[in-house]
Amino acid sequence: MGPDVIVVGGGNAALAAAITARRAGADVLLLERAPLHMRGGNTRHTRDIRFAHDVPLPAAPGAYLVEEFFEDLIRVTGGATNRELAELTLRESMTLPAWMEAQGILWQRALTGTLHLSRTNLFFLGGGKQLVNAYYDTAARLGVRIRYDASVVALSNGGAHAGGTARDGGGTRVGGVVLDSGERIACRAVVAAAGGFEADVAWLKEYWGDAADNFVIRGTPHNTGLVLRALYALGAKPVGDPREFHATACDARAPRFDGGIVTRIDAIPFGIVVNARGERFYDEGEELWPKRYAIWGKLIAQQPQQTAFVMYDAKVHGRFIPSAFPALRAGSAGELAALMGLDASAVTATVAAYNAAIVSGGTFDPSALDDCATRGLTPPKSHWALPLDTPPFYGYAMRTGITFTYLGVEVTAGACVVSEGGTPFENLYAAGECMAGNILSRGYLAGFGLTIGTVFGRIAGKEAARHARS
């Protein structure tokens, strides 16, 4: 006889669902596509989670009210979010620290640098790998069965492959899952929490063309959207823009897959960014870095060769966490440009125009929106505009580093997957990246993906167990 609940996926959202369903009394089987040593999906590369809190905590000083959290979300998404699901996520985020501690998570003080997250985010002691290990240990101790190297390629409907009956609505049930080996596993409820499609470059090229060949995938190579395709084949209603993703400026020397957070470039607010023509193309100091760092991946994707270059000087060197690869270093802006393969004269002219436009008398403050800005320059630099004039000069070549895609499936407040006919499935739930597009239409807040995954993982696990045992 099959399990009560099958959880498809092996990262944060899947583990939260599996643990919650098991604590609710369900017999749970978790299917992780990756081998044991690569378990955890993109969660392996995380380090912090955003949450609302009314009072200071030892590892998160100050308060971060739900109202401020919501304002931040509206600002980065431009208001394009499912407000019901967003507000639910923010309210539930207040309960996450205690729940996570109960699963074995420990906290450390916030890291310093450009992200300014000490008040809004909690950092995991040991990073994302330790979070994954703690969750797997808890799940195993509770009796969750775990299978590795288990790729789900289809969801079965009435004991057969999906026939699309959900497209006409009517409370369609899911009978179980189908593995790539052809094995079928029956169950009473399914939680889909297997990520997006960012690691399927051919799928990315359907929306980005050949530009996608120049993208770097920061996370697991196993997120190729197999389960997302299975959901669509069953008749799940798509949500989200297929061209939108959470992507950062990534060191151009990073590996194609799985480079992780250590390849992200955080120098941008304190320097200038030019494209392959040596031209600036966006305001590097528009807003605090946690609210803007995730727009730079897409900005770079829109530049020639999907490449950009950040330059800064000795005055700000050491004020941010560097990439795992050392920065290039030179005695002048022109020499640095040549090292990066750029036209030295074009870059020198760009630097001269930038330096000349800086308003004198500003007070540099890396922790706030300061008054160091340019005037009469297009694009402007609104904050942290310091002259680029003090050798040595440093720089990084950057590419688009995708973390996860925003295309997913529509869900209810109970994490039920909604069919194209508008009717929720009876026993099919979703959590994590494959439903984050309901809340994140574009833009990003540091640590918020973990928030969505944990909140909806718990909801999905609870509801799946309730359905299975009813």
Side-chain angles (χ1 to χ4, degrees), residues 3-9 12-26 28-31 81-92 152 154-158 162-177 186-196 227-240 406-440 451-470:
D4 294 331
V5 175
I6 289 178
V7 177
V8 185
N12 170 66
L15 289 161
I19 289 169
T20 302
R22 182 61 187 145
R23 288 193 186 279
V28 180
L29 172 64
L30 183 143
L31 301 174
T81 184
N82 182 314
R83 293 195 173 224
E84 178 190 9
L85 301 188
E87 290 172 356
L88 170 62
T89 303
L90 306 194
R91 290 194 307 271
E92 285 296 307
V152 172
L155 300 170
S156 61
N157 183 356
T165 57
R167 299 178 192 278
D168 300 319
T172 301
R173 295 176 56 84
V174 175
V177 303
C187 63
R188 294 185 172 90
V190 172
V191 176
V227 175
L228 190 58
R229 289 189 187 276
L231 288 165
Y232 291 153
L234 194 67
K237 184 177 181 180
V239 71
Y406 287 172
L407 180 66
V409 294
E410 185 174 314
V411 297
T412 68
C416 277
V417 175
V418 177
S419 73
E420 287 187 323
T423 304
F425 287 82
E426 287 186 15
N427 63 341
L428 177 60
Y429 307 87
E433 293 175 11
C434 68
M435 51 68 59
N438 290 272
I439 299 166
L440 282 169
T451 311
I452 296 172
T454 312
V455 167
F456 273 89
R458 294 193 309 174
I459 293 172
K462 176 184 175 182
E463 293 300 315
R466 178 194 59 76
H467 179 90
R469 295 178 60 79
S470 64

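When reading the values below, keep in mind they use all heavy atoms of this one structure, side chains included, and skip hydrogens, waters and symmetry mates. All residue numbers in this chain count up from 1 along the given sequence.
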Give the minimum heavy-atom separation between [X] and [Y], together with the two atoms involved.
X: Glu420; Y: Pro238; value: OE2-CD, 4.1 Å
X: Ala21; Y: Val28; value: CB-CG2, 3.7 Å
X: Ala431; Y: Cys434; value: O-SG, 3.6 Å
X: Tyr429; Y: Gly414; value: CD2-O, 3.7 Å
X: Leu29; Y: Pro3; value: CB-CG, 3.8 Å
X: Ala230; Y: Ala154; value: CB-CA, 3.8 Å

Let me see the working for Val190 and Phe425 under side-chain contact (heavy atoms from CB on, under 4.5 Å), right down to the final yes or no. CA-CA 10 Å; Val190 172; Phe425 287 82; over 6 Å; no
Donor-acceptor under 3.5 Å ([X] side chain, [Y] main chain):
X: Asn427; Y: Arg173; value: no
X: Tyr232; Y: Gly408; value: yes
X: Asn438; Y: Val409; value: yes
X: Ser419; Y: Gly235; value: no

Determine, step by step, whether Met435 and Ile452 satisfy the side-chain contact (heavy atoms from CB on, under 4.5 Å) criterion, reporting the C-alpha distance in whole Å, the side-chain angles of both residues, the deciding distance to 0.1 Å, and the verdict. CA-CA 9 Å; Met435 51 68 59; Ile452 296 172; 3.8 Å; yes
Non-neighbouring partners of [X] that pass salt bridge (charged side-chain N to carboxylate O under 4.0 Å, His left out), sequence neighbours left out:
X: Glu87; value: none
X: Arg458; value: Glu92
X: Arg466; value: Glu463

Tabulate below the donor-acceptor pairs under 3.5 Å that side-chain atoms of residues 13-20 make, not counting sequence neighbours, or state none.
{"from": "Thr20", "atom 1": "OG1", "to": "Ala16", "atom 2": "O", "distance (Å)": "2.7"}

Counterpart residues, side-chain hydrogen bond (donor to acceptor under 3.5 Å, both in side chains), relative to [X] (two or more places apart):
X: Glu410; result: Lys237
X: Arg229; result: none
X: Thr454; result: Asn12
X: Lys462; result: none

Side chains of Leu231 and Leu428, heavy atoms from C-beta outward: is any pair under 4.5 Å?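 Counting from C-beta outward, Leu231 and Leu428 do come under 4.5 Å.
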Compare all side-chain heavy atoms of Leu234 with those of Val417 and state whether any distance is below 4.5 angstrom. no
Please test Val418 against Val239 for side-chain contact (heavy atoms from CB on, under 4.5 Å), starting from the C-alpha separation and ending with a verdict. CA-CA 10 Å; Val418 177; Val239 71; over 6 Å; no
For Thr81, which residues count as a side-chain contact (heavy atoms from CB on, under 4.5 Å) partner, sequence neighbours excluded?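 Counting only residues at least two positions away or on another chain, Thr81 forms a side-chain contact (heavy atoms from CB on, under 4.5 Å) with Leu73, Ile74, Thr77, Arg83, Ala86, Ile439.
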Can you tell me how far the CG atom of Asn82 sits from the CG atom of Leu440, to the nearest 0.5 Å? 11.5 Å
